[in-house]
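Written below as structure tokens is the structure these notes are about.
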Amino acid sequence: MTPDGVKSYDSIRPQADFIKRVVMIPMRDGVKLYTVVVMKKGTKNAPILLSRTPYDAKGSTSRTQSQKATEILSVLDEVFIEDNYIRVYQDVRGLHGSEDDFIMNRPLRGPLNSTTTDESTDAYDTIDWLTKNTPESSGKVGVIGSSYLGFTALMAEINPHPALKAAVPQSPMVDGWMGDDWFHYGAFRNTNIAYTVGVTTGKGSGGSDPTGVGDDYTRYLEAGSTGDYIRHWGFDQYPFLQKIMQNAAYTPFWSQQAVDKWFANHDLSVPTLLMVSQWDQEDSYGAPAVYKAIKSRNKDVKVSLLIGPWPHSGGNHYGFKLGDIAFKGDTALEARVNYIKPFLDHHLKGSADPQLPAAMTYATGADKWQHSTQWPAGKPTKLYLREGFGLSFEAPDVKLSANQVQGHDDYVSDPSKPVPFIPRPINMNDSSQWKPWLVRDQRFVSDRPDVLVYTGPVLDKPLHIMGQPLVELFAATSGSDADWVVKLIDVYPNVSPEGGQGVMTMAGFELPIGIEIYRGRYVRGFDKPQALTPNKIEAYQFGLPHVNHVFLPGHRLMVQIQSSLFPLYDRNPQTYVENIFNAKASDYKKATQSIYRTKAAASNIVLPVVEN
Ligand code: PG9
């Protein structure tokens, strides 16, 4: 009998082109994990491709009620299942069909986990069992998966089972405070409240948060602080949300579970292809951070980074377009066929070595894949904010006048009217709003008085960047805390080549190439929040997401600066309070923000420019 109470899936689907087995795999502590094994009939001497998921192994292997393997599995799986791979999905400990309790991003055994198991031991035990109990297997295993599954793929590489021969962690959750799901540089991401409630309710089948409907902008604003929102709906009973509220700063709770720190201190033994999406609205931080950690330990280790023009996990779906941006072909299929599969075929089946370069990235704007021997590939080049709301590669020569009137641009940030991250009404659970938000035309906020807009001249030749743009912002606030949001934008020419209504969207389009937020209180250290001195200039430095983009002739560079991105990120009260989750209504105050562009305080973005 399978755990689902049927004798065998093979016996109930005699016409199917696949075999499906459901097994409960025992872990070292006796806990059994629900696992679905799928392969085409006739598969033999085949590698196993494993994904360990919080998103329902049963659902992941029954996309439709079809009798064809390609139709019950995901789009990602097609190229593998058609070519003699065994595909395995397993529910992580505590979710769906698996036994025990669920711990979000279960940390490795150690200070944060006093049990005898973690995701790395569960991967080990699973691989051990699968290789011994799957007669069709060749004994070689690869792990793959995006996001939470990317996290479990990375965990499998920690003290790996000898049969694990290759890993493809895609947009893995690596450091949830620094820049993956939970916070970005200290600003909390409200989207995750609903996620946490959904994933941890009813062993993962609890659905979304029961908070009613309506514009999220209004719902979160009316609630007060994010802590008030969480308490109002009773979500403070969820252990992970409690942990989040207790660990608003970069405490050991976050630093000790950051997966890149493990890779910075241990040798990599499993061939690894890391992936991230250029417009990854959930986990833009993790893959490049792990790549950097591995290379900083040993620059000769063969590890590759693949960046595609997708939203989060987009490499596992169709990659023809994102929002209003269209690409030349199915960029996601191209990545699977040209890079991921040859990489896995080599390590799992002994096929020819595709000799993947250090980085394979899709140049948006130029619409082509490019190979680089190092990442970042561009040369750091400062793009300065200039007087008259201009941008230039020439540094400003302005001195701050004695009365401080010259040399800065100001705006008033009012926490009672935060800048929306997408046009209202907002429903963060609506994937049609959520997935493309990072490529949303920014004209919907360009005219707000609390958004500063700096624009460069019309380009007469292409400007190509490959790497991570770095923000160096010299700014002051009249308050005692502040958030700084910086957006690097590609402004399309204000022409509509075909003239008609239908193509007007792209005339003057303001395409974000990177958007990031930084919570000012951490300027002296992420573990050392402190009140800002009103009107004192501070230097804020932080990275935008990694990109490969060509700004085409006729286009212009733009930088926008603002102090909120609501309700995706919680509001900064702009008055220093110890823990923003507990800010009171009276703490939320307007503040005047000043962005400096003088010789001594020359705000800029360091662009990784490639000379073509
Ligand atoms: N990035 C995912 C996630 C979202 C929110 C919280 C935790 C994880 C994921 O897609 O798995």
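Atoms within a ligand are numbered from 1 in the order they appear, just like the ligands themselves.
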Between ligand 1 and the protein, which N/O pairs are shorter than 3.5 Å?
from, atom 1, to, atom 2, distance (Å)
ligand 1, 1 (N), Ser147, OG, 2.5
ligand 1, 1 (N), Asp181, OD1, 2.8
ligand 1, 1 (N), Asp181, OD2, 3.0
ligand 1, 1 (N), Glu282, OE1, 2.8
ligand 1, 1 (N), Asp283, OD2, 2.8
ligand 1, 1 (N), His312, NE2, 3.3
ligand 1, 10 (O), Ser147, OG, 2.6
ligand 1, 10 (O), Glu282, OE1, 3.2
ligand 1, 10 (O), His312, NE2, 3.2
ligand 1, 11 (O), Tyr55, OH, 2.3
ligand 1, 11 (O), Ser147, OG, 2.7
ligand 1, 11 (O), Tyr148, N, 3.1

Name every donor-acceptor pair, under 3.5 Å, that has one atom in a side chain of residues 284-293 and the other anywhere in the protein, sequence neighbours excluded.
none

(request) Run the salt-bridge test on Arg519 and Asp570 with the 4.0 Å N-O cut-off and return the result as yes or no. (result) yes
Parallel, tilted or perpendicular: which describes the rings of [X] and [Y], with under 30° parallel and over 60° perpendicular?
X	Y	result
Trp484	Tyr540	tilted
Tyr185	Tyr518	tilted
Trp434	Trp437	parallel

(request) Pick out which of Asp77, Val22, Ile72, Ile86 makes a side chain to side chain contact (heavy atoms under 4.5 Å, CB included) with Val38. (result) Ile72
